[in-house]
Amino acid sequence: MAEPVIEFREVVYRVDGRVILGPVSLSVASGEVLVLVGRSGSGKTTALRLINGLILPAAGDVRVEGRSTREWDRVRLRRRVGYVIQEVGLFPHMTVERNVGLVPRLERWPPARTRARVEELLALVGLPHEQFGRRLPHQLSGGQRQRVGVARALAADPPILLCDEPFGSVDPIARAELQAEFKALIARLGRTVVFVTHDVREALALATRIVVLEGGRVHFAGDPLAFQASGDAHVTALRELA
Amino acid sequence: MNFFEYVAANRAEVLYNTVEHIGLVAASCGLAIAIGLPLGVLLTRRPGLSGPVIGFANVVQTIPSLALFGFLIPLPIIGGIGARTAIVALVLYGLLPLIRNTYTGISSVDPAVREAARGMGMTDWQLLWMVELRLAAPVILAGVRIAAVWGVGIGTIAAAIGAGGLGEFIFRGVAMVNNAVILAGAVPAALLALAADGGLHLVERALDWRRRTAA
């Protein structure tokens, strides 16, 4: 088996001595869409933030492309890892095109290349540049903002994409639509994705593998079929919520 | 001699003192920004210091201006008689609005935006320059505006320690019991305060990203 793109080795994360996550061991293969499911406080977001080095483990090691997040230059690491966060976090003072072109600009791409990339991505997420490029985030609907968030995370062509409930704050119809588009997009681009959600239906729709976190530990890991078939009480309870 | 006649007869002096007054305020605001802005940013990185530092700046504000000028006169280097001492005092008064507004402006940046900036791989400087200062700009500018307007008012008292400015007419008029002379200082000072307030308000609006609309 090829070396995993992301690997958690006996990872523990603590805040003020309290264990938030771990010990967790987990690996994500190239091209996999791993969906982390769990209640709030189960450690899902913590796991994501460990991958792009926004936090470092108290014990164990998180390895990205074979290198520990402790050893990575964290700015470099984060520019290789796309990140779509829960409240979208678009820069409110930047237009849509500037938001999407941010990482390419940080990476000092030539302006023409950045512009072409921005136009390509906005087309990809269904927001034509001529119409939306110069708008500010507050002039977009919730669903449009989420799309811009996804486009921004993909801008510098990162091999890895982290998504923290990216469709959490949109209405159910827009949400289903965004999920379908996202799935098609990822399949086309062949990225390795770690996706966090508390919505089991979303997990089933997107995942190639589902990991259930509970109390900071891996409670279940398997493909969607195994998830559906599992007799485990907690997994059954999660399924019934869907 | 009424106010208009007095100003007309002494227009060169009124103009000279007005320019002098603007100089006092501009120099002290510039220094207050140069000190207060980095200090405010520092407080956002070391929030534990914000209590003591803002507390100290608050205490400075409570010292009556004439007393503060008096306290500064005997000090070496920064003290003495003249404009330098006045500028030091005006900087001390201007620090509070600058530190406080910089700190508040940056602290109120949405944590999701900050998280996104770090997650995108911005360095600390890029986060500060490209995101935090841009978003906090209107609040920081409001602090500059307060410092400038106060500076114009308090600056009139600086004439008491030989710093010149429009306060000269006010003190002279008080000594002469002559309203026309007092007004020759007070009216330009009031106009300067209004101009500073209005002008900086326009800059504040120009820098406010919330007011920008689609092109």
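Every chain is numbered from 1, with letters handed out A, B, ... down the list of sequences. Side chains included, hydrogens not; waters and symmetry mates left out as well; all remaining heavy atoms used.
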Student: Please report the C-alpha distance between A/Asp199 and A/Arg175 in whole Å, then the side-chain angles of each, then the deciding distance to 0.1 Å, and finally whether the salt bridge (charged side-chain N to carboxylate O under 4.0 Å, His left out) criterion is met.
Tutor: CA-CA 11 Å; A/Asp199 179 347; A/Arg175 190 175 174 136; 3.3 Å; yes

Student: Salt bridge (Lys or Arg N to Asp or Glu O under 4.0 Å) with A/Glu107: which residues, sequence neighbours excluded?
Tutor: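 Checked A/Glu107 against salt bridge (Lys or Arg N to Asp or Glu O under 4.0 Å); matches are A/Arg76, A/Arg79.
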
Student: Are any non-hydrogen side-chain atoms of A/Met94 and A/Leu102 less than 4.5 angstrom apart?
Tutor: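 Yes, close enough: below the 4.5 Å cut-off.
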
Student: Test of understanding: with side-chain hydrogen bond (donor to acceptor under 3.5 Å, both in side chains), list the residues that count as partners of A/Glu177, not counting sequence neighbours.
Tutor: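 With sequence neighbours excluded, A/Glu177 shows a side-chain hydrogen bond (donor to acceptor under 3.5 Å, both in side chains) to A/Arg147, given in chain and number order.
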
Student: So which part of A/Val81 gets closer than 4.5 Å to some heavy atom of chain B, the side chain, the backbone, both or neither?
Tutor: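 Interface part for A/Val81: backbone (N, CA, C, O).
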
Student: Identify the residues of residues 54-68 of chain A whose heavy atoms come closer than 4.5 Å to a heavy atom of chain B, ordered by number, or report 'none'.
Tutor: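 At a heavy-atom separation under 4.5 Å, chain B is reached by A/Leu54.
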
Student: Please determine, among A/Arg49, A/Arg152, A/Arg74, A/Arg78, the option with the most heavy-atom pairs under 4.5 Å with chain B.
Tutor: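 Between A/Arg49, A/Arg152, A/Arg74, A/Arg78, the count favours A/Arg78.
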
Student: So A/Val194 and A/Leu36, do their side chains get closer than 4.5 Å, heavy atoms only?
Tutor: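 In contact.
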
Student: So which of B/Pro111, B/Gly119, B/Ala117 has the largest heavy-atom pair count under 4.5 angstrom toward chain A?
Tutor: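 Winner by heavy-atom pair count: B/Gly119.
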
Student: Against chain B, work out which of A/Leu77, A/Leu106, A/Val103 has the most heavy-atom pairs shorter than 4.5 Å and name it.
Tutor: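 The answer is A/Leu106.
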
Student: Donor-acceptor pair, distance only, cut-off 3.5 Å: does the side chain of B/Arg84 make one with the backbone of B/Ile77?
Tutor: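 Confirmed, B/Arg84 side chain pairs with B/Ile77 backbone.
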
Student: Are side-chain N/O atoms of A/Thr197 and A/Glu202 paired as donor and acceptor at under 3.5 Å?
Tutor: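 Side-chain D/A pair, A/Thr197 to A/Glu202: present.
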
Student: Indicate every side-chain donor-acceptor pair of residues 133-162 of chain B with a distance under 3.5 Å to a residue at least two apart or in another chain.
Tutor:
from	atom 1	to	atom 2	distance (Å)
B/Arg134	NE	B/Trp129	O	3.1
B/Arg145	NE	B/Glu204	OE1	2.9
B/Arg145	NH1	B/Asp197	OD1	3.0
B/Thr156	OG1	B/Gly153	O	2.6

Student: Can you say whether A/Arg80 sits under 4.5 Å from chain B via the side chain, the backbone, both, or neither, judging by heavy atoms?
Tutor: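 Looking at A/Arg80, nothing touches chain B.
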
Student: Report which part of A/Leu90 has an atom under 4.5 Å of a heavy atom belonging to chain B: side chain, backbone, both, or neither.
Tutor: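 The backbone, not the side chain.
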
Student: Where the side chain of A/Asp16 meets the backbone of A/Arg18, is there a donor-acceptor pair that is under 3.5 Å apart?
Tutor: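 No; judged by distance alone, with no hydrogens or angles, the pair does not exist.
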
Student: Is B/Glu115 close to chain A through its backbone or its side chain, or both, or neither, when contacts mean heavy atoms under 4.5 Å?
Tutor: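 Both parts, backbone and side chain.
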
